[in-house]
Amino acid sequence: MHHFVYRDKLLYCENVPVKEIAARVGTPFYLYSHQTLIDHYRKIDSAFKDIPHLICYSVKANSNLAILNVLKREGSGADIVSGGELYRSLRAGIPPEKIVFAGIGKTEPEMEYALRSDILMFNVESSQELALLSEVATRLGKTARIALRVNPDVDPKTHPYIATGLSEAKFGIGSDEAIKEYQAAASLPGIQIVGIHQHIGSQITQVTPFQESLEKIANLVKYLKGMGIDIHFLNIGGGFGIPYRGEEVPVPIDYAQALTPLIRATGCTGILEIGRMIVGNAGILVSRVLYRKSTERKKFLIVDAAMNDLIRPSLYGSYHEILPVEKNDRELEKVDVVGPVCESGDFLAKDRELPMLQPGELLAVMSAGAYGFTMSSNYNSRLRAAEVMVKEDQYYVVREREKLEDLIKGEERIP
Ligand code: LLP
């Protein structure tokens, strides 16, 4: 469910024609729907209403302050993986007591920053990290609340680059070692055990891998509690998949029905680190056709957005639906939609059937709200795109398009 729909052949975001925004803001730009964000957040929140829970929106999916702000007002916390994401979350006004900090490579300054900010907890991923955290907390006279990230060794059946819960992954602590690590944590100064964490991967489109891993984790919680280690929070991670081409995927209530009994049985408060399901289909990337070009074997549509704007097709071979911003009944043709970047891997779609589009016309790359702008770069010294949010019949530029001066910021010195 989202609020990008055609009315009289024109694509709208809520009550604003996309074409109108493009005329004012220029292209390419990311476009987010305020109402879609809220709808998605509320659906997840209400699906889990029968158990105490906290949604910690996964900031890496889309870290724009406007997005964080909307979610904060809905009551969301934040799942962060860097000092930068902590900074953004605090700037957006997300209360520190709703912030959880994951990642295998937290640095000492990041630990200090998070401890001073008094965040809810660190999701610790190794014994060396745990030792350093204990040291830093003690030095600051603080207590670090922690969960250990346990690797449940389940196959989430997603793209290998975004599967994280298999035993060969670099993430988390093996379930066998977890008990030993919890015992070690219990005796470390400056450390307070409050929870357990798992995250098995992203864009998962089945409920079973979650069920399977949660069963393992729930058993572990029971065991730990028996040992006198109090686990108050059970963080099930993120990874709920979304439809990219209209396919049927589980909806929040499906996950909730399968998972709430397991969480409830542990007596824990559930934490959900959802990114993609909240923002993915709440955003699109709008681009303009620059040229058409045919070679002996292919037709290309050269557009003004590129892999530096949206890297998912190049990196994972991901499919993003592409729609003309103005519907037409021209004949369909098979084209590669490519950007101006000097790499053959720079494409947004391959062999895609689209109604013939001419230079100057606009297209929308759908489902681009998650891992779109946050993974964008300045490659080829391209300016990062503007970001715009529509709320009802108004649009707001929530991040200005970069300027040429931004490209050389901090490059004053020439030896
Ligand atoms: N929690 C942890 C510890 C994570 O590592 C992630 C995502 C999430 C939560 C949120 O997962 P989500 O609900 O958004 O699936 N760049 C890739 C996705 C990478 C996901 C990384 N971790 C993509 O574009 O598909």
For this session: Answer yes if the side chains of Thr143 and Gln192 hold a donor-acceptor pair under 3.5 Å, and no otherwise.
Result: no

Problem set entry | Verdict with supporting geometry, Phe240 and Phe210, ring-ring contact (aromatic ring centres under 6.0 Å, His included) | CA-CA 9 Å; Phe240 296 177; Phe210 284 98; 5.1 Å; yes

For this session: Not counting sequence neighbours, list each pair that qualifies as a ring pair (Phe, Tyr, Trp, His ring centres under 6.0 Å) and has a residue in residues 318-355.
Result: Tyr244-His320

Please table the atom pairs, donor to acceptor, closer than 3.5 Å between any side-chain atom in residues 386-397 and protein atoms at least two apart or in another chain.
{"residue": "Glu387", "atom": "OE1", "partner": "Asn64", "partner atom": "ND2", "Å": "3.0"}
{"residue": "Glu387", "atom": "OE2", "partner": "Tyr32", "partner atom": "OH", "Å": "2.5"}

For this session: I would like to know whether Leu130 and Ile191 meet side-chain contact (heavy atoms from CB on, under 4.5 Å); could you show each step before the answer?
Result: CA-CA 8 Å; Leu130 186 62; Ile191 297 286; 4.1 Å; yes

Exercise. Any chance CD of Glu247 has more than 12 other-residue heavy atoms, nucleotides or ligands included, within less than 6.0 Å?
Worked result: yes

Problem set entry | Verdict with supporting geometry, Gln198 and Asn235, side-chain hydrogen bond (donor to acceptor under 3.5 Å, both in side chains) | CA-CA 6 Å; Gln198 66 153 25; Asn235 184 338; over 6 Å; no

Problem set entry | Donor-acceptor contact below 3.5 Å, side chain Arg399 vs main chain Tyr30 | no

Exercise. Are Asp118 and Arg145 ion-paired here, with the side-chain N under 4.0 Å from a carboxylate O?
Worked result: yes

Exercise. Looking at Lys334 and Glu353, does any basic side-chain N land under 4.0 Å from a carboxylate oxygen?
Worked result: no

Exercise. At their closest point, which heavy atom of Val150 faces which heavy atom of Ser175, and how far apart are they?
Worked result: CG1-CA, 3.9 Å

Problem set entry | Derivation and outcome, salt bridge (Lys or Arg N to Asp or Glu O under 4.0 Å), residues Glu112 and Arg139 | CA-CA 10 Å; Glu112 282 191 18; Arg139 174 158 46 78; 3.0 Å; yes

For this session: Answer yes or no: does atom CZ of Arg7 have more than 12 heavy-atom neighbours from other residues, nucleotides or ligands under 6.0 Å?
Result: yes

Exercise. Is the shortest distance from a Lys or Arg side-chain nitrogen in Lys327 or Asp8 to a carboxylate oxygen in the other one below 4.0 Å?
Worked result: no

Exercise. Do the non-hydrogen side-chain atoms of Ile217 and Ile236 ever get within less than 4.5 Å of each other?
Worked result: no

Exercise. Step by step, would you call Glu85 with Lys60 a salt bridge (Lys or Arg N to Asp or Glu O under 4.0 Å)?
Worked result: CA-CA 8 Å; Glu85 288 188 350; Lys60 64 178 83 63; 5.5 Å; no

Seminar exercise, completed: The residue among Arg292, Lys298, Arg352 that forms salt bridge (Lys or Arg N to Asp or Glu O under 4.0 Å) with Glu333 is Arg292

Exercise. Counting only heavy atoms not in Tyr87, do more than 12 sit closer than 6.0 Å to its OH atom?
Worked result: no

For this session: State plainly whether the residues Glu321 and Arg245 are in salt-bridge range, i.e. N to O under 4.0 Å.
Result: no

Exercise. Are any side-chain N or O atoms of Asp79 and backbone N or O atoms of Tyr57, one a donor and one an acceptor, separated by less than 3.5 Å?
Worked result: no

Problem set entry | For the student: nearest non-hydrogen atoms of Val59 and Ala78, plus distance | CG2-CB, 3.8 Å

For this session: Indicate the atoms forming the closest heavy-atom contact of Ala306 with Val341, along with that distance.
Result: CB-CG2, 3.6 Å

Exercise. Taking all atoms of both residues into account, what is the closest heavy-atom pair of Arg276 and Ala61, and its distance?
Worked result: N-CB, 4.2 Å

Exercise. Of all heavy-atom pairs between Ser287 and Val303, which one has the smallest distance, and what is that distance?
Worked result: OG-CB, 3.4 Å

For this session: Kindly check if the number of other-residue, nucleotide or ligand heavy atoms within 6.0 Å of NZ (Lys19) is above 12?
Result: no

Problem set entry | Carboxylate-amine/guanidinium contact Asp406 Arg384, below 4.0 Å | no

Problem set entry | Stepwise ring-ring contact (aromatic ring centres under 6.0 Å, His included) check, Tyr12 with Phe4 | CA-CA 6 Å; Tyr12 274 70; Phe4 298 95; over 10 Å; no

Exercise. Hey, are the side chains of Leu301 and Asp336 touching, using non-hydrogen atoms and a 4.5 Å cut-off?
Worked result: no

Problem set entry | Shortest non-hydrogen separation from Leu234 to Leu214 and the atoms involved | CD2-CD1, 3.6 Å

Problem set entry | Cationic N near anionic O, under 4.0 Å, Arg288 to Glu361 | no

Problem set entry | Asp39: which of His2, His3, His34 passes side chain to side chain donor-acceptor pair (under 3.5 Å) | His3

For this session: For the pair Glu129 and Lys106, find out whether any cationic side-chain nitrogen is under 4.0 Å from an anionic carboxylate oxygen.
Result: yes

